[in-house]
Amino acid sequence: MSNKTTIKFNPNQQIDQKTINLLVQKANEVKTRAYCPYSKFQVGAALITPNGNIYQGCNFENAAYGNTICAERGAIASMIASGEYVFSAIAIVTNVTGYNDNDVSSPCGACRQSMREHTAGDKLDDTLVIMENKDGKRVIKDMEQILPMSFGPDSLGIDVSMYAKQGRDLGLYDNYKKETDNKVNGGD
Ligand code: THU
């Protein structure tokens, strides 16, 4: 059996085992930087965009507990701040350990919704969600599997594809922004 496993993740691209391992490694790296004095539950996330860029996030908590931001949304914020809007795969790691299928921690509901908004590809099952626990137990699902019948931009009839197309530097967003500014400022 070949050592190299190739996993289909969208019609135009494939993510291989090496990339998956790298994402898990990057997620583990950032997990150690989590700010979690209250829960003491460290989470790390690393996502890869269609451009091949990797962004990391860790959870950071607050004395006002509700202000807590999860690792997944931290990674998405980092991606957006760098001018990219969609990702092809995300690895999420925690210090959960154990012996059955529930022993890998999966993203919370709020994060699933945020992740769904920023998936690359035409279909939600194009985007991989890789979960690994402290023992190295790994579960790989796709976005459709972890958030079926989801609500998204299309449910509102809003087309957000210009963000994905823009990637980093194409400037399409600038045109979109001009149109929006015109509307807001009453221009035409
Ligand atoms: N947490 C995440 O970072 N991601 C999740 O998907 C679940 C929960 C964080 C939030 C909080 O800091 C700690 O884990 C315990 O809930």
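First listed ligand is number 1; within each ligand, the first listed atom is number 1.
In summary, of the residues considered (Glu72, Gln113, Arg73), a side chain to side chain contact (heavy atoms under 4.5 Å, CB included) with Pro107 occurs for Glu72 alone.
Legend: ring pair (Phe, Tyr, Trp, His ring centres under 6.0 Å) pairs involving residues 57-80, not counting sequence neighbours, sorted by first then second residue: Tyr38-Tyr65.
In this structure, OG1 on Thr127 lies 9.0 Å from CE on Met115, to the nearest 0.5 angstrom.
Protein residues with a heavy atom under 4.0 Å from ligand 1 are Ser39, Phe41, Val43, Asn59, Glu61, Thr68, Cys70, Ala71, Glu72, Pro107, Cys108.
Under 3.5 Å, the side chains of Ser106 and Arg112 contain a donor-acceptor pair of N or O atoms. Of the N and O atoms on the side chains of Asn51 and Thr49, not one donor lies less than 3.5 Å from an acceptor on the other residue.
His118 places a side-chain heavy atom less than 4.5 Å from the side chain of Ile80.
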